[in-house]
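Here is the structure we will look at.
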Amino acid sequence: MLFYVTRRLLSAVVTVLLASVMVFAAVQLLPGDVATQVLGQDATPEAVAALRDQMDLNRPAVLRFLDWIAGVVRGDFGVSLVSGEAVAGTLWLHLRNTMLIAVATVAVAVTSSIVLGVLAGLYRDRWPDTVISTLTLIGMSVPEFVVATLLVLALSITVPVLPAVVLDEASAPVADLLPAIVLPTVALSVVMTAYIVRMTRTSVIDVMAGEFVTTARLKGIGTARVVVRHALPSALLPTLNVIAMNVAWLVGGVAVVENVFNYPGVGQLMLEAVHNRDLPVLQAIAVVSAVVYVLCNLAADLGAMALNPRLRTGERSTR
Amino acid sequence: MSDPSQNRAGDGGQGAGPAPATGALRRTLRSLTRSTPAMVGLGLVALHVLLALFAPLLTPYSPTANTPDQALLGPGADHWAGTDALGRDVLTRVLYGGQYALVVSFAATACAVALGTLLGCVTALRGGWFDDALMRVLDAVLAIPPILALLVVVTVLGAGPAVIVLAVTIVYAPQVVRVVRAAALGVAPLDYVTAARARGERTLPILVREVLPNIVNVVAVEFAMRASWVVLLISSLSFLGFGANPPTPDWGLMVSENRTAMVVVPWASLAPILALATLVVGLNLSADGLSKAWGVDRVKESS
C-alpha cells in the first residue's frame, strides 16, 4: 500500500518533469530565434540583442532549463516579458480566481451528473433515460463558447439578471467576484455534466446487473438502499477517473469561458500571454496545469483505492 | 462519419487476415440501419458533407465579399438567415464554413488517429523499455491541457490550416495511442500473432496483416468519436481568434464576430451555432452507433 503510494508519487513527479521539459523545448528550441519570435520580424537588431540578453538566450538551452526548473521549484517562475513583473504573483492571483470557478463547477457538475446518471441508469430505456440521454448528447455536442454565448443571450440580454462581462480586476476581493462566477460556472457545468453522466449511467447499468445487487434484492432490501449502499460505491469507481480526466479539460474550457465573460482568471492570462508571446507566463501556466492534472489523477487513483479494496493489494492500477 | 468512409473501414477489415469477413460487415450494416439514432447521426453528417460540397451551387452570394449597404439585416426572402455587420449573407457563410470545418477536422482527425494507431500497435507489440518510455512521455503530453498545447504550437508556428492539423495531431494522438494499445494488447498474445512471430516475420508485417485487421473496429469508433472532439476544439480555437483568419467563413469565428451584434441580429450567431451543434450531434450519434454495432466500449473517453 505504502509502496504503491510512493511509486505513484514518484511517477507523478516524473510526469510533471517531462511535461516541463516538453513545454520548455516547444517554446525555446523549435522556432529559430525566440527573441525574434517575441519581438516580431521587423524588430531592430539592438532590441533583439537586448531581449536575448534579458532572456539569457546566449547560454546553452540545457543550462537555461536547469536554472528555470530550479526557480520553479522555489516558486519563482521568472519575469513576464511584457509587464516586467514576477510571473508568480500574477499567476497565483489569476489561479485563485479560476479556482473559484473550477471548484464551483466540479461541485455542481459532479452532484448533478451523479443524480442524473443514476436516474438514467435505473430507468434504462424508459422516458427519464431518454430525456437525460438526449440532453446529455446535446450538452456534449456544443462547445463551451456556445453555451456561454447562449447564456449571455438569455440571462444578460433578454432577461438582464446577471452581468455579461466581468469588470473586476484580477486582484479584486473574492466577495466581489462571487456574482461574476455564476454564469461561467453554469456554462462549464453544463458541458462537464454531459460527459460525466454518460459514464455514471453506463456503470450504474453494469453494476445493477451484477450478482451482488441481485443478492441484495433477493434478501428483500428496498431499491433505495440497494442503490445507495450496494450499487453506488461500485458505480462511482469508473466515474472518479472520468472526473479526474475532466479536470484537465476544465483548464481548457475555463480559457474559453473566461474569454467570453472577460473573467480575470488563468484562461484569460493564458490568452493574453499567447497574444503577447509572453513565454515565461505560458511556461508557468503549463507547469501549474500539469501539476494540477497529475494531482487530480493521483487523488482519483487513491480515491479508487479507498472505494475498491481489491486495488489495495499493490496491484498496478489501470492507466 | 459518412457512409463511404465507413465502408472503407469495413473493406480494410476484409482485406487480409482473419478479419471481420463479409458476414461481419453485413451484420454491422444491419445493426447500423436498424438503429434509428445511428441513422440520424450518419444522415446528419452526410447532409453536412453534401451542403459543404454544393455550397457554391446552393447560394448566389460570396462568403467573403462585403456589401456594407446590406449590413445587419434580419432574416428575409433575400437573406434567409440575415446578414452580418459587413453585409455578408449569414447562410452563405454557414454553408461555406462547413467546408473549412469538415476538411480541417477530417485531416486533423485522420492524422491523429493514423499516428496514434501506428504508435499504439508498435508499442503493444514491442513492449519492454520502448513501451515504458513511450507511455511515460504520453502521460506527460496528456498532463498539458489540450487548448494550451494547441495555443503553444500555434504561437510558435503561426496560424494556418496545416499548423492546426499538426497541433491537433500532437494533442490527440497520445489518447488514441492509449486506446489502440489496449486493444492491440488484447490481440498480441493470440495464437496467430505468435505463429507469425514464429515464422520470423518482422514487427511491421505482423502489425499490418495480423493485428490491424482485428482492431479496425476500435480504430473506426475512435475516429468517429475523436472527430467530434476535433470539430469542437477547432471551432473553439477559431472562436478565440487563433484558428481560421478573417474573412475565412468559419463557424467558431462567426460566433465570435457576431456576438457583439447579438441583440440586433441573433441569427448571425445562432445559425453557425446550429450548424456546429448538428454536425457534432451527428458525429456523436454515428460514434455511438458504430460502437454498439461492433461491441466496442465507447465510454473510456477523456478530453
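This structure is a prediction, so every number in the text was calculated from the model and none was measured.
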Could you look at A:Ile285 and say if it's the side chain, the backbone, both or neither that has a heavy atom under 4.5 Å from chain B?
both
Ranked by heavy-atom pairs below 4.5 Å to chain A, first place among B:Ala140, B:Ala277, B:Gly241, B:Pro37 goes to B:Ala140
Do A:Tyr293 and B:Ile144 pass the side chain to side chain contact (heavy atoms under 4.5 Å, CB included) test, and can you show the C-alpha distance, the side-chain angles, and the key distance before you say yes or no?
CA-CA 8 Å; A:Tyr293 172 85; B:Ile144 304 167; over 6 Å; no
Distance check, rounded to the nearest 0.5 Å: A:Thr15 atom OG1 versus B:Arg136 atom CZ?
5.0 Å
Is there a side-chain contact between A:Leu150 and B:Ile273 in this structure, where contact means two heavy atoms from C-beta onward sitting under 4.5 Å apart?
yes
If I measure from the heavy atoms of chain A, does B:Leu270 come under 4.5 Å with its side chain, its backbone, both, or neither?
side chain
Top contributor to chain B contacts, counting heavy-atom pairs under 4.5 Å, from A:Leu271, A:Val294, A:Leu282:
A:Leu271
Exceeds 12 heavy-atom contacts within 6.0 angstrom, atom CZ of B:Arg259:
yes
For B:Asp288 and A:Arg198, run side chain to side chain contact (heavy atoms under 4.5 Å, CB included): C-alpha distance rounded to whole Å, both residues' side-chain angles, the deciding distance at 0.1 Å, then the answer.
CA-CA 11 Å; B:Asp288 284 353; A:Arg198 280 174 78 94; 2.8 Å; yes
Under 3.5 Å, is there a donor-acceptor pair between the B:Asn284 and A:Ser141 side chains?
yes
Is the distance from the ring center of A:Phe145 to that of B:Trp251 below 6.0 Å?
no
For the residue pair B:Leu232 and A:Met140, what are the closest heavy atoms and their distance?
CD1-O, 3.4 Å
Which portion of A:Val142 sits near chain B, non-hydrogen atoms under 4.5 angstrom
both
Those residues that, when tested against B:Tyr100, pass ring pair (Phe, Tyr, Trp, His ring centres under 6.0 Å) (two or more places apart):
none
Pick from B:Leu233, B:Val281, B:Val141 with the largest number of heavy-atom pairs that fall under 4.5 Å of chain A
B:Val281
Checking B:Val255 against A:Thr149 for the side chain to side chain contact (heavy atoms under 4.5 Å, CB included) test, could you report, in this order, the C-alpha distance in whole Å, the side-chain angles of both residues, the deciding distance, and whether it holds?
CA-CA 8 Å; B:Val255 177; A:Thr149 306; 4.1 Å; yes
Atom group of A:Val14 that falls short of 4.5 Å from chain B, counting heavy atoms
side chain
